[in-house]
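Proteins get letters first, then strands, A, B, ... in listed order; numbering begins at 1 in each. Computation of the quantities below employed the complete heavy-atom set of this structure, encompassing side-chain atoms and omitting hydrogens, waters and symmetry-equivalent molecules.
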Number of protein chains: 2
Amino acid sequence: MKKHKEILSRFGINKTQFRIDLLSIFFDCKSSLTTHEIFERFNKKINKVTIYRALKSFEQKGLIHQVPDKNNLKKYSLCNLDSCSPDSHNHQHGHFICYSCDQTFCLDDSTIKIIKTSSGHIVKNYNLILEGYCTDCNSSQTIFQN
Amino acid sequence: MKKHKEILSRFGINKTQFRIDLLSIFFDCKSSLTTHEIFERFNKKINKVTIYRALKSFEQKGLIHQVPDKNNLKKYSLCNLDSCSPDSHNHQHGHFICYSCDQTFCLDDSTIKIIKTSSGHIVKNYNLILEGYCTDCNSSQTIFQN
DNA sequence: TAAGAAAACGCAAAAGTGTTGCGTTTATTA
DNA sequence: TAATAAACGCAACACTTTTGCGTTTTCTTA
Ligand SMILES: [Mn+2]
Ligand SMILES: [Mn+2]
Ligand SMILES: [Zn+2]
Ligand SMILES: [Zn+2]
């Protein structure tokens with residue numbers, strides 16, 4: 001799509017077919033993506049090293065950010081492209097991790113409100129991790145409801 | 001120490017020398033520990049597999065809990081031994097991760113206050129991650145202060 | 001639009017973390 | 001003290017991620 005090419009240019013990334021497709025996958029994705037999930041979406045036609053390098057580049061340029069994952073995998077979500085750049089990622093939002101499907105969802109500011117009082121440390125960024133059962137898993141597995 | 005042996009018994013873990021030492025390391029540690037850091041503290045005299053299995057056991061029995069880590073490593077901190085057990089871990093506290101030294105600190109309840117409004121998900125647990133510069137790193141690297 | 005430079009790519013190898021199987025040792029229980 | 005269970009060391013393995021290098025593609029600019 002035209003928009004995706006324009007974004008890659010703006011963030012200083014060469015417009016290869018793979019990177020255009022990768023960006024559009026992130027735009028379509030409601031939650032977050034692991035390397036393996038991306039590999040699957042390309043029907044294993046792309047080299048995994050290429051995926052790793054693209055993700056690292058996207059992250060450095062401010063397109064995507066890592067999200068917490070219970071299985072210690074690298075997992076990424078699209079940034080707010082207005083507030084992130086090669087210079088700095090600016091994230092003040094929470095993440096929801098589903099016990100059942102392991103997906104990580106970004107939560108927007110309206111979903112959570114945080115009030116923090118002081119400690120001895122200098123806080124530059126924060127991330128609230130909520131754990132539980134996502135809407136999809138909850139509706140299909142009422143056993144977990146209480 | 002006597003206290004550590006008593007705790008291991010109470011949580012159903014055999015009192016081997018290594019596990020006694022491991023527990024006391026966790027008691028001494030102000031922040032959190034990776035497998036590698038534990039390996040170093042034993043001067044590489046202990047097999048890494050033994051460390052992995054001890055950590056898994058400690059976690060299952062309710063002695064330690066995993067904490068978030070920027071490098072996707074397994075990292076653990078001591079639990080509040082009054083509120084955690086083999087049956088369930090009960091954590092509602094935040095963690096502070098230092099950009100400079102990578103250490104993860106547990107924050108007690110008085111440090112943070114969280115108010116969360118609803119989303120479509122069912123929340124079972126939460127963990128607030130604060131990022132920035134810890135007191136030690138901050139005092140030695142004033143360049144980061146602003 | 002045709003070089004030349006820079007970025008991205010594929011393949012192979014390696015590094016790093018964590019797991020599993022199995023025989024042996026150590027601790028607990030009775 | 002003998003039987004049982006837990007913990008241990010070693011070797012092998014699985015898996016994710018990184019690095020090196022030569023090739024291909026994209027970008028720049030003249
Ligand atoms: Mn970002
Ligand atoms: Mn706990
Ligand atoms: Zn789910
Ligand atoms: Zn620090």
Side-chain angles (χ1 to χ4, degrees), chain A residues 2 4-25 32-64 66-76 86 102 104, chain B residues 2 4-25 32-64 66-76 86 102 104:
Chain A
K2 193 75 173 285
H4 302 147
K5 289 190 182 182
E6 192 274 326
I7 291 173
L8 290 176
S9 291
R10 180 150 50 93
F11 283 79
I13 296 166
N14 282 6
K15 303 188 281 277
T16 65
Q17 191 55 54
F18 165 67
R19 294 192 175 202
I20 295 167
D21 294 342
L22 180 62
L23 183 57
S24 78
I25 286 176
S32 59
L33 295 164
T34 61
T35 309
H36 183 258
E37 286 164 350
I38 293 167
F39 188 56
E40 295 289 322
R41 299 211 186 194
F42 281 94
N43 297 314
K44 309 182 181 182
K45 296 281 198 307
I46 196 81
N47 195 284
K48 277 191 177 177
V49 178
T50 301
I51 299 174
Y52 284 113
R53 287 200 262 237
L55 290 173
K56 182 175 288 183
S57 173
F58 277 25
E59 187 185 22
Q60 287 170 344
K61 296 298 170 66
L63 280 171
I64 60 176
Q66 269 193 257
V67 300
D69 170 67
K70 278 276 169 279
N71 302 115
N72 293 76
L73 297 176
K74 295 230 166 185
K75 199 179 238 180
Y76 296 88
D102 266 358
T104 302
Chain B
K2 193 75 173 283
H4 301 147
K5 289 190 182 183
E6 192 273 326
I7 291 173
L8 290 176
S9 292
R10 180 149 52 92
F11 283 79
I13 296 167
N14 280 7
K15 304 188 281 276
T16 65
Q17 192 55 55
F18 165 66
R19 294 193 175 203
I20 295 166
D21 294 341
L22 180 61
L23 183 57
S24 78
I25 286 176
S32 59
L33 295 164
T34 61
T35 307
H36 184 257
E37 286 164 351
I38 293 167
F39 189 57
E40 295 289 322
R41 298 211 186 196
F42 281 94
N43 296 314
K44 309 182 182 183
K45 295 281 199 306
I46 196 81
N47 194 285
K48 276 191 179 178
V49 178
T50 302
I51 298 175
Y52 284 114
R53 288 201 262 236
L55 290 172
K56 184 175 288 185
S57 172
F58 278 23
E59 187 185 21
Q60 286 170 345
K61 296 297 171 66
L63 279 172
I64 60 175
Q66 270 192 259
V67 299
D69 170 66
K70 277 276 167 280
N71 302 116
N72 294 78
L73 298 175
K74 297 231 166 184
K75 198 180 238 179
Y76 296 88
D102 265 359
T104 302

Rounded to the nearest Å, what distance is computed from the [atom1] atom of residue [X] to the [atom2] atom of nucleotide [N]?
X	N	atom1	atom2	result
B:Ile46	C:dT26	CD1	P	12 Å
B:Lys74	D:dC15	NZ	C1'	13 Å
B:Leu55	D:dC8	CG	C1'	15 Å
B:Lys45	D:dC10	NZ	P	13 Å
B:Lys56	D:dA7	NZ	C1'	14 Å
A:Leu73	D:dT18	CG	P	12 Å
B:Phe39	C:dG18	CZ	C1'	14 Å
B:Ile13	D:dC8	CD1	C1'	15 Å

Measure from the side chain of B:Tyr52, starting at C-beta and using heavy atoms only, and say which of C:dG10, C:dT17, D:dC8 lies closest.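 The closest nucleotide is C:dT17.
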With a 4.0 Å cut-off on N to O distance, would you call B:Glu6 and B:Arg10 a salt bridge?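 The answer is yes: the pair qualifies as a salt bridge.
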Between B:Arg53 and B:Lys15, which has a closest nucleotide on DNA chain C that is more 5'?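 Result: B:Arg53.
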For A:Thr50 and B:Gln17, take the nucleotide of DNA chain C holding the closest heavy atom to each; which residue's nucleotide lies nearer the 5' end? A:Thr50
Which pair of heavy atoms, one from A:Ile13 and one from A:Phe58, lies closest together, and at what distance?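 Between these two residues, the closest heavy atoms are CD1-CD1, 3.6 Å.
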Which heavy atom of B:Arg19 sits nearest a heavy atom of B:Ala54, and at what distance? NH2-CA, 3.6 Å
B:Ala54 or B:Asn72: which one's nearest nucleotide on DNA chain D is closer to the 5' end? B:Ala54
Does NZ or CZ of B:Lys48 lie under 6.0 Å from the centre of the six-membered ring of B:Phe39, at an angle within 45° of the ring axis?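 Cation-pi check for B:Lys48 and B:Phe39: passes.
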Taking only N and O in the side chain of [X], is any of them less than 4.0 Å away from OP1 or OP2 of [N]?
X	N	result
A:Arg19	D:dT26	no
A:Thr35	D:dT17	yes
B:Thr16	D:dC8	yes
A:Asn47	C:dC11	yes

How would you label the contact of B:Asn14 with the nucleic acid (heavy atoms, under 4.0 Å): base, sugar-phosphate, or nothing? sugar-phosphate
Using a 4.5 Å cut-off on heavy atoms from C-beta on, say whether the side chain of A:Ile64 contacts that of A:Leu33. no
